[in-house]
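Whatever order the structure lists them in is the order used to number ligands and atoms, beginning at 1.
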Amino acid sequence: MKVVLQNLTKTYPNRNKKAPGQVVAVNDFTMEIPDGKLIGLLGPSGCGKSTTLNLLSGLQKPTSGKIFFGEDDVTDLPPENRGVGLVFQNYALYPHLTVKQNITFPLENRKGADKLTKQQMLEKATAAAKLVQIEELMDRKPNELSGGQQQRVAIARALVKMPRILLLDEPLSNLDARLRLQTREELRRIQRETGITTIFVTHDQEEAMSISDLIVVMNAGVIQQIGEPQQVYDNPSNLFVAKFLGTPPINVFSGTIQNGMLYIGRDAVLPCKGLADQPVTVGIRPEGFQLCEDGPLCCSLKGVEVMGRDISVVSTHTACQSQTIRSIIRAENAVDTSLTTVRFSLNPKKVFLFHGETGNRLQFAQE
Ligand code: ADP
Ligand code: MG
């Protein structure tokens, strides 16, 4: 089912007596979510992700704007009539019910023509349990399950009604690292198998990048960029997005454009055509540095960290905005750690320029 969010805004009264006014949790959010896709809604804590999800589920009403599921305007529909499945970070299972009873719970209160027999409910619950691979746990209580198993029960419960839309709010945050990795792949598989349009909220960029068809990067209630994960990584539209995606994070420098040349400090690092002389913020991805004896960017070498396939060269530069520069180099390149300086040439595809004040991306040509 296609989902359209049209100029959605949600404001809350601000309870801070010293700074009265409104908190704009979601600010003029407009997007069309294609049918059958998995969307990763991504941003730092407090940026409005949960509020956006709650507007979709109907748990909260927008201050203004509209929501459509397919052609249906659902803006004023209560949650139970929207056909959404919800999964939260804390599982929210009923502790006194078995797994089976937890999963069938959303089917119990159906009335009239929708009413199901016990047998039908069991069949649906078994199908949902199979999908998340917990059939053998049906008679246990939640406290007899691991965190990962509990979250699977919560997902099965959300799927049992065959919802039109599946909404997941940080569903993996309570799981340990290994289980988080495994469960996110499971989620991807379940989404593919069911074809249910899914919106997945996370603050973890790697998680969103790895399983989403499209990511939506949010900051302070405002959409920053929408696109396929790789495309957003390769083409961030502003400094916020560039900094939010990627581990290790992008390296940020203060730079200047002078006569078609980009300078970082006194180093003339790249020809940049088509830009007027101005101060700029320069972002360089860790993989954009190449060791090069006569490379233009001259840094102070602080150390080398071995990461197996790659090594991470840690260095400093007076124009760098963070304490250290991290560059990722293939392990077969030996770095002489007795030296105090290291020189790099830069891959122009991995160098992004941003307006010094607005942080908006500035396009440049090499030639
Ligand atoms: P996220 O899920 O991205 O961490 P939220 O959507 O929960 O962010 O919150 C967005 C903003 O709205 C935050 O500044 C938060 O403090 C504020 N907020 C959320 N819920 C309420 C509420 N019920 N009353 C007042 N402010 C709220
Ligand atoms: Mg949240």
Side-chain angles (χ1 to χ4, degrees), residues 3-31 33 38-67 74-76 78-79 82 84-93 147 150-151 154-155 158 165-175 180 183-184 187 198-212 214-227 229 232 236-246 249:
V3 175
V4 178
L5 301 93
Q6 213 174 67
N7 306 105
L8 273 190
T9 295
K10 176 69 180 178
T11 59
Y12 295 110
N14 190 346
R15 300 197 198 287
N16 182 350
K17 291 211 173 66
K18 289 193 184 128
Q22 307 255 295
V23 179
V24 187
V26 177
N27 193 347
D28 200 23
F29 193 112
T30 294
M31 158 172 206
I33 298 173
L38 198 166
I39 306 300
L41 185 53
L42 177 65
S45 178
C47 75
K49 304 181 297 294
S50 295
T51 305
T52 306
L53 215 65
N54 291 343
L55 295 173
L56 283 166
S57 70
L59 292 174
Q60 289 179 324
K61 283 256 176 303
T63 309
S64 58
K66 286 195 175 304
I67 303 169
V74 300
T75 315
D76 296 318
R82 291 193 184 193
V84 294
L86 284 170
V87 177
F88 301 102
Q89 176 176 345
N90 60 5
Y91 323 136
L93 301 175
Q150 291 187 48
Q151 193 56 299
I155 296 166
I165 317 284
L166 184 60
L167 304 173
L168 307 145
D169 195 348
E170 312 242 9
L172 309 180
S173 298
N174 282 5
L175 306 180
R180 206 156 55 219
T183 315
R184 84 181 185 206
L187 269 179
T198 300
I199 297 134
F200 173 86
V201 161
T202 178
H203 62 273
D204 180 335
Q205 55 93 23
E206 195 190 327
E207 200 166 278
M209 297 270 286
S210 62
I211 63 167
S212 307
L214 288 176
I215 57 170
V216 182
V217 184
M218 271 182 97
N219 185 31
V222 179
I223 297 180
Q224 304 294 307
Q225 193 167 357
I226 302 174
V232 177
S237 58
N238 61 39
L239 182 60
F240 178 85
V241 175
K243 284 164 100 169
F244 202 73
L245 300 185

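- At least one side-chain heavy atom of Val216 sits under 4.5 Å from a side-chain heavy atom of Met31.
- Here the heavy atom of the protein found nearest to atom 27 (C) of ligand 1 is Tyr12 CD1, 3.1 Å.
- Closest to atom 10 (C) of ligand 1 among all protein heavy atoms lies Gly46 O, 3.4 Å.
- No donor-acceptor distance shorter than 3.5 angstrom exists from the side chain of Arg184 to the backbone of Ile211, with no hydrogens or angles considered.
- When each atom of ligand 1 is checked for a heavy atom of Ala25 under 4.0 Å away, the hits are 10 (C), 11 (C), 12 (O).
- Taking backbone and side-chain atoms together, Ser45 has no N/O/S atom less than 2.8 Å away from the Mg ion (ligand 2).
- Donor-acceptor pairing under 3.5 Å is recorded for the side chains of Asn174 and Gln89.
- For the residue pair Gln224 / Asn238, a side-chain donor-acceptor distance below 3.5 Å is found, with atom types taken as modelled.
- Considering only non-hydrogen protein atoms, atom 7 (O) of ligand 1 sits nearest to Ser50 CB, 3.8 Å.
- Proximity of a side-chain donor or acceptor of Glu170 to a complementary backbone N or O of Phe88 within less than 3.5 Å is not detected.
- Looking from atom 8 (O) of ligand 1 to the surrounding protein, the closest heavy atom is Gly48 N, 3.2 Å.
- Per-atom contact check: atom 15 (C) of ligand 1 does not touch the protein, criterion being a heavy-atom distance below 4.0 Å.
- In this structure, atom 5 (P) of ligand 1 lies nearest to the protein heavy atom Thr51 OG1, 3.6 Å.
- Using modelled atom types, one finds a donor on one side chain and an acceptor on the other under 3.5 Å when comparing Thr202 with Glu207.
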